[in-house]
**Q** 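Once you've had a glance at the structure underneath, I'll fire off some questions.
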There are 4 protein chains.
Amino acid sequence: MLNRVILIGRLTRDPEMRYTPAGVAVTQFTLAVDRPFSGGGQGGEREREADFIPIVTWRQLAETCANYLRKGRLTAVEGRIQVRNYENNEGKRVYVTEVIADNVRFLESGNRDNGPRDEGAPSYSGGGNNSYSGGGQGGFGGGGGNSQGGGRTGGTPRNDNRDPFSDDGRPIDISEDDLPF
Amino acid sequence: MLNRVILIGRLTRDPEMRYTPAGVAVTQFTLAVDRPFSGGGQGGEREREADFIPIVTWRQLAETCANYLRKGRLTAVEGRIQVRNYENNEGKRVYVTEVIADNVRFLESGNRDNGPRDEGAPSYSGGGNNSYSGGGQGGFGGGGGNSQGGGRTGGTPRNDNRDPFSDDGRPIDISEDDLPF
Amino acid sequence: MLNRVILIGRLTRDPEMRYTPAGVAVTQFTLAVDRPFSGGGQGGEREREADFIPIVTWRQLAETCANYLRKGRLTAVEGRIQVRNYENNEGKRVYVTEVIADNVRFLESGNRDNGPRDEGAPSYSGGGNNSYSGGGQGGFGGGGGNSQGGGRTGGTPRNDNRDPFSDDGRPIDISEDDLPF
Amino acid sequence: MLNRVILIGRLTRDPEMRYTPAGVAVTQFTLAVDRPFSGGGQGGEREREADFIPIVTWRQLAETCANYLRKGRLTAVEGRIQVRNYENNEGKRVYVTEVIADNVRFLESGNRDNGPRDEGAPSYSGGGNNSYSGGGQGGFGGGGGNSQGGGRTGGTPRNDNRDPFSDDGRPIDISEDDLPF
DNA sequence: TTTT
DNA sequence: TTTT
């Protein structure tokens, strides 16, 4: 079947990267995607103006996102909808819908203070040989820096070198003990 | 921002149509969209092979879907991701992610017994007069029957003759606030 | 059938607006969309790195594009592929492929000198009554200014930048089973 | 940048497969994609009802398409727009726009007489180990047979048993420079 | 809870 | 030049 999603929105927070026990990088963030007709037409009031859509990226793409995306940045995401479900502590089945991204395009240059300097942002940061991702698919490149899924974990899992106390207050120093699996 | 989804999958059940208190038709169904590499590659076993994605349609498109879609039918859906949330009876916030469809394409002719005869399936069942609508965007038409969002309720609200109480457990808490237009 | 295109690229020149004899606005411009892997991988040289894709917009959207887009601006376009053909002066049939846009998102604020000031750029600039476009489709709005064919005038874009998923107690239970590859 | 196209339409003819001098398989076909509102609304007459969009596939995907697609078949294509140009024999620059497909989904089973039997149609015919493609992206699988770009020539290059001289008039001037990877 |  |  076919399952394709394209979003443009802004990160609600800095992305969060983890490693699975097997050492695979996973980065999650939420994209705030403004709805059309925000404001509600003729003068009506609408409570919600945006959809907050959880994004998940894996491997090389996860690392690039963790390194170059920041809260508030305008970002394009291409991927597919995934619906997971699990049983919660009350024995109730909970459904989680996320977009598994295979392409992420950084639409804003990012003159912020934290994170790698923007000049360092890769115009293309694709993967290695086994790259599973959309290379030929409509990928990225050029201007504002960009990133594609691709490649095995490949070589160099880089550290998250941001100040763990910056910005959102939540500690980013996660050990694998914190992983829920 | 931009928010676009295109899916091809099969209905897990017959669609369910309701009317809002204001008389607006809403139809919901779930699309089973097979994941790539189902089967798990070299011989691995994967328990789940598909994503089950809830689809919501409104107005004329809702009626056409209720009339012509049936369980198992191969169907293309175009729309946007919407994330609603509400407080459940335990005071906990629940997030519901759905695809609000503005285009639905019937990819299978449907020789089944229930529902209107397939010959009756509209090659195009769009909306009102000036509506170029969702429609306009990548619309449907031709071969197997097709339907576009757009237009006023238009014409003939036909009855949903299935059991209105045959819920699937999940609350159908769609209010007119969810009307995307 | 279904026909949907989403592009992000930069204008190669200022847009050109015309009016049809019937007084309908048409605006054309070309989007330079960088190809993936520009540069040619390991050190290869490739002469051309982008596809130059002609875009056509109509009516209200045409006017907004003519007013707010300028050469070099990063722009997202949503629409459909149209293939026209005509007989040229040598009696030869010529095929012209264009993207008929129904949604255009201005991804850069535009501090340039010509054109209306950027502060004037509409966060949403929907169309008039004959609007044929994707109003309900997952359009645009917000951030950098944006435009959709069709729709209501739109109103008071409010900012909701909070993440409803922040610290909501939902476990981040992504396991390696979720690896899509 | 981002460049993504999704089409559903019918093949106007059987696909044509070639090999480049380097032995890379290339398959081309044209998709007839019905326009929305064919017929022209209120009673108007419209001469053209569809867009005829040239599709190009490479490598393993090319071979699968050549083997399993046939004239008239309803087909979904995912890919990107590519604009090539060359100087023709009169020294004039000619622009050719094609969709480079990385995912092709066979929406009809195909009970026709020619080509491999439908039972032989692969539910997934992805590539080999190095496959960079669509794979993870929202690919295909299941029901009606399906195919993704990816992988080396892989496996079993089957023969093209159609007349190699049955051209359609348009020069097939695709060189390996057009290889998108 | 699920489709082929 | 075109598909159903």
Side-chain angles (χ1 to χ4, degrees), chain A residues 1 3 83 85 87 92-95, chain B residues 7-16 28-35 38-39 47-55 69-75 77 105-110 112 118 121 123-124 140-146 166-170, chain C residues 1 3 83 85 87 92-95, chain D residues 7-16 28-35 38-39 47-55 69-77 105-110 112 118 121 123-124 140-146 166-171:
Chain A
M1 311 297 182
N3 181 339
V83 183
N85 68 79
E87 204 155 322
K92 206 182 159 190
R93 190 139 298 269
V94 179
Y95 292 84
Chain B
L7 305 171
I8 299 180
R10 292 180 187 278
L11 273 80
T12 61
R13 309 167 31 123
D14 284 0
E16 295 195 24
Q28 292 179 293
F29 56 91
T30 296
L31 219 56
V33 181
D34 289 344
R35 291 185 183 167
S38 328
E47 201 186 314
R48 288 287 270 51
E49 311 276 346
D51 293 288
F52 297 93
I53 302 174
I55 313 292
L69 283 179
R70 287 297 172 269
K71 175 180 177 177
R73 297 273 173 83
L74 190 65
T75 305
V77 161
R105 160 119 182 118
F106 309 153
L107 299 175
E108 279 180 351
S109 35
R112 306 229 173 171
D118 194 54
S123 71
Y124 167 69
F140 303 164
N146 137 49
S166 67
D167 268 357
D168 59 355
R170 292 198 301 173
Chain C
M1 312 299 182
N3 182 339
V83 183
N85 68 81
E87 203 155 323
K92 204 182 159 190
R93 190 138 299 268
V94 179
Y95 293 85
Chain D
L7 305 171
I8 298 179
R10 291 180 188 278
L11 272 80
T12 61
R13 309 166 32 121
D14 283 0
E16 294 195 25
Q28 293 179 292
F29 55 91
T30 296
L31 220 56
V33 181
D34 290 345
R35 290 183 183 168
S38 329
E47 203 186 312
R48 290 285 271 50
E49 312 276 347
D51 292 287
F52 297 93
I53 302 175
I55 313 293
L69 283 179
R70 288 296 174 269
K71 175 178 177 179
R73 297 273 173 82
L74 190 66
T75 305
V77 161
R105 159 118 181 118
F106 309 154
L107 300 175
E108 280 181 351
S109 37
R112 305 227 173 174
D118 196 53
S123 70
Y124 167 70
F140 302 164
N146 134 50
S166 68
D167 270 357
D168 60 356
R170 294 198 300 174

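This one's a predicted model, so the numbers in the text were calculated from it and none came from an experiment. Residue numbers begin at 1 in each chain, while the letters A, B, ... track the order of the sequences.
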**Q** Starting from C1' on F:dT1, measure out to CZ on D:Phe29 and report it in whole angstrom.
**A** 17 Å
**Q** Rounded to whole Å, how long is the line connecting atom CG of B:Leu7 with atom C1' of E:dT4?
**A** 16 Å
**Q** Would you mind reading off the distance between B:Asp14 atom CG and E:dT2 atom C1', rounded to a whole angstrom?
**A** 13 Å
**Q** Distance check needed: F:dT2 C1' versus D:Arg73 CZ, whole Å only.
**A**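 That distance rounds to 17 Å.
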**Q** Which heavy atom of B:Ala50 sits nearest a heavy atom of B:Asp34, and at what distance?
**A** CB-OD1, 3.7 Å
**Q** Show the nearest heavy-atom pair for residues D:Thr12 and D:Ala32, with the distance to one decimal.
**A** CG2-CB, 3.9 Å
**Q** Nearest to the side chain of D:Arg13, which nucleotide is it out of E:dT2, F:dT1, F:dT3?
**A** F:dT1
**Q** In whole angstrom, what separates B:Glu108's CD from E:dT3's P?
**A**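 The answer, rounded to whole Å, is 15 Å.
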**Q** Starting at atom CG of B:Leu107, determine the distance to atom P of E:dT4, rounded to an integer number of angstrom.
**A**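 Roughly 15 Å, once rounded to whole Å.
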**Q** Which heavy-atom pair separates B:Asp51 from A:Val83 by the least distance, and what is that distance?
**A** OD1-N, 2.8 Å
**Q** Between B:Gln28 and B:Glu16 (side chain of the first, backbone of the second, donor and acceptor by atom type, cut-off under 3.5 Å), is there such a pair?
**A**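 Not confirmed, B:Gln28 side chain does not pair with B:Glu16 backbone.
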**Q** I need the CG-C1' distance between B:Asp34 and E:dT4, as an integer number of Å.
**A** 7 Å
**Q** Is the phosphate of F:dT1 approached by C:Arg93 (side-chain N or O, under 4.0 Å from OP1 or OP2)?
**A** yes
**Q** Rounding to an integer number of Å, can you tell me how far C:Tyr95 OH sits from F:dT1 C1'?
**A**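 After rounding, the gap between these two atoms is 6 Å.
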**Q** Stacking between B:Phe52 and E:dT3, defined as ring centres under 5.5 angstrom apart with planes under 30°, is that present or not?
**A**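 No; centroid distance or tilt outside limits.
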